[in-house]
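Shown next, in structure tokens, is the structure this report addresses.
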Number of protein chains: 2
Amino acid sequence: MTETVGETRERIVAAADALFYARGIQAVGMDEVRTAAGVSLKRLYAEFPSKEQLVLAVLASRHQQWEGGLAQAAAGLEDPRQRLLAVFDFLEAWFRDDTFRGCGFVNAFGELGATSPAVAGAVREHKQSFQDDIARLAVEAGADESLGSQLALLAEGAQTTAAIAGRADAAEQARRAADVLVAAALGPR
Amino acid sequence: MTETVGETRERIVAAADALFYARGIQAVGMDEVRTAAGVSLKRLYAEFPSKEQLVLAVLASRHQQWEGGLAQAAAGLEDPRQRLLAVFDFLEAWFRDDTFRGCGFVNAFGELGATSPAVAGAVREHKQSFQDDIARLAVEAGADESLGSQLALLAEGAQTTAAIAGRADAAEQARRAADVLVAAALGPR
DNA sequence: TACACTAGAGAACGAGCGTTCTCGGCGCAA
DNA sequence: TTGCGCCGAGAACGCTCGTTCTCTAGTGTA
């Protein structure tokens with residue numbers, strides 16, 4: 001039953017991610033991460049020399065999941081316009097998840113953005129990457145990038161609203177608004 | 001040079017608000033609030049029996065400022081459609097403020113929403129109030145409430161985006177999108 | 001068997017924080 | 001003037017947390 005170093009890292013990151021996301025980063029101690037990951041403190045600190053490094057790894061992992069989920073939502077759709085709107089279906093499924101508690105990056109930014117430049121940078125990069133993705137989809141659909149920016153605002157707002165009001169239908173509202181914006185930019189279907 | 005109890009409270013709340021907003025709530029200790037407010041710890045705890053109470057007072061004060069700013073932005077505008085869009089002008093001015101660091105309620109929610117039901121509730125109430133305000137403006141302009149929800153999503157998204165990307169023009173993007181949505185709901189001007 | 005090495009469990013350390021307590025001085029009533 | 005109560009300053013307390021250290025048991029090798 002050997003285990004590679006990579007598997008240990010992944011287990012730690014997964015455990016930390018679940019805890020940080022559910023309760024907030026500062027509310028979770030390294031001891032708790034250790035327990036949840038089933039790993040010794042020594043090992044934990046061998047993998048991540050500081051809590052900040054662990055947080056950055058968690059954010060990196062979350063970014064990959066996000067990118068994968070987004071790609072999967074658009075995969076198989078022929079119509080570029082459909083691919084553009086698929087973002088909101090992806091969001092809706094996420095909002096309905098019991099563990100949903102808003103965008104982990106936004107939460108981390110609010111909590112640590114002011115004190116940790118590294119965390120702030122990671123959050124910025126993630127959001128920029130989302131902007132780029134959706135701008136690319138907009139261009140592929142025949143619109144210009146500003147449509148992407150506008151849809152991104154809707155997606156961000158939906159995440160915040162769904163998290164705070166606890167209403168998953170924010171995704172549907174956003175999607176309806178997105179329909180209007182897309183139609184205005186590209187002409188009705 | 002006497003000073004009323006109310007003035008002391010206000011001074012404490014103002015100092016705490018500036019510190020909490022700039023650096024995060026958990027990153028600021030009561031000692032620092034005391035120093036910034038120029039008040040003794042005893043007095044501080046006489047006014048606010050716990051840090052959570054102080055946080056709630058700060059959120060309440062921020063809510064009042066927000067409502068006042070919003071009302072002021074719409075004041076004097078005759079056209080209800082203009083009043084609806086004035087939200088985004090208000091946002092833009094705020095985003096250009098040097099101290100802008102996103103929505104304080106969203107930040108507080110990310111930091112404490114999972115551990116403090118009282119804070120989570122205050123944030124929820126604030127956002128609900130904003131939804132109600134903008135829905136009322138939408139109805140006054142002749143649209144139905146769902147237009148308000150959609151514009152609220154844009155406003156939320158603009159706040160997040162402006163905070164993280166540091167780009168105040170998120171307000172302008174949101175306003176342009178709002179123009180399209182309003183025109184679609186009410187017909188071109 | 002003896003030895004060197006590793007790794008896990010958790011104690012320990014030092015700092016920071018929320019909250020409370022103590023002390024000393026000042027104002028005020030008699 | 002004397003006693004009394006209030007209030008500010010900040011020390012103290014108890015707890016938590018990030019990080020490091022110690023001790024011990026187990027393993028592989030000669």
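Values in this document were obtained by computation on a predicted structure and should not be read as measured data. Every chain is numbered from 1 and lettered A, B, ... according to where its sequence line falls, protein lines coming before strand lines.
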For nucleotides 14-19 of chain C, list the nitrogen or oxygen atoms of the protein found under 3.5 Å from its nitrogen or oxygen atoms, one pair per line.
from	atom 1	to	atom 2	distance (Å)
C:dG18	OP1	B:Lys51	NZ	2.3
C:dG18	OP2	B:Met30	N	2.7
C:dT19	OP2	B:Tyr45	OH	3.0
C:dT19	OP2	B:Lys51	N	2.9

With a 3.5 Å cut-off and sequence neighbours excluded, list the donor-acceptor pairs that the side chains of residues 63-71 of chain B form with protein atoms.
from	atom 1	to	atom 2	distance (Å)
B:His63	ND1	B:His126	ND1	2.9
B:Glu67	OE2	B:Ser129	OG	3.1

Do B:Glu140 and B:Arg136 meet the salt-bridge criterion of a basic N to acidic O distance under 4.0 Å? yes

Just by distance, with hydrogens left out, do B:Glu111 and B:Asn107 show a side-chain donor and acceptor under 3.5 Å apart? no

Between CG of A:Leu44 and P of D:dC17 the distance, given in whole Å, is 15 Å

Taking A:Ser61 for its side chain and A:Ala57 for its backbone only, find out whether a donor-acceptor pair lies under 3.5 Å. no

Have A:Glu52 and A:Ser116 got a donor and an acceptor in their side chains that come within less than 3.5 Å? yes

Test: B:Glu92 and B:Arg96 ion pair at under 4.0 Å: yes

Atom CZ of A:Arg34 and atom P of C:dA7 are separated, to the nearest Å, by 17 Å

Ion pair B:Arg176/B:Asp179, N-O distance below 4.0 Å: no

Give me, pair by pair, the N or O atoms of the protein and of nucleotides 4-8 of chain D that are less than 3.5 Å apart, along with how far apart they are.
from	atom 1	to	atom 2	distance (Å)
D:dG8	OP1	B:Arg43	NH1	2.9
D:dG8	OP2	B:Ser40	OG	3.2
D:dG8	O6	B:Lys42	NZ	2.9

Is there a donor-acceptor pair under 3.5 Å between the side chain of A:Arg124 and the backbone N or O of B:Ile164? yes

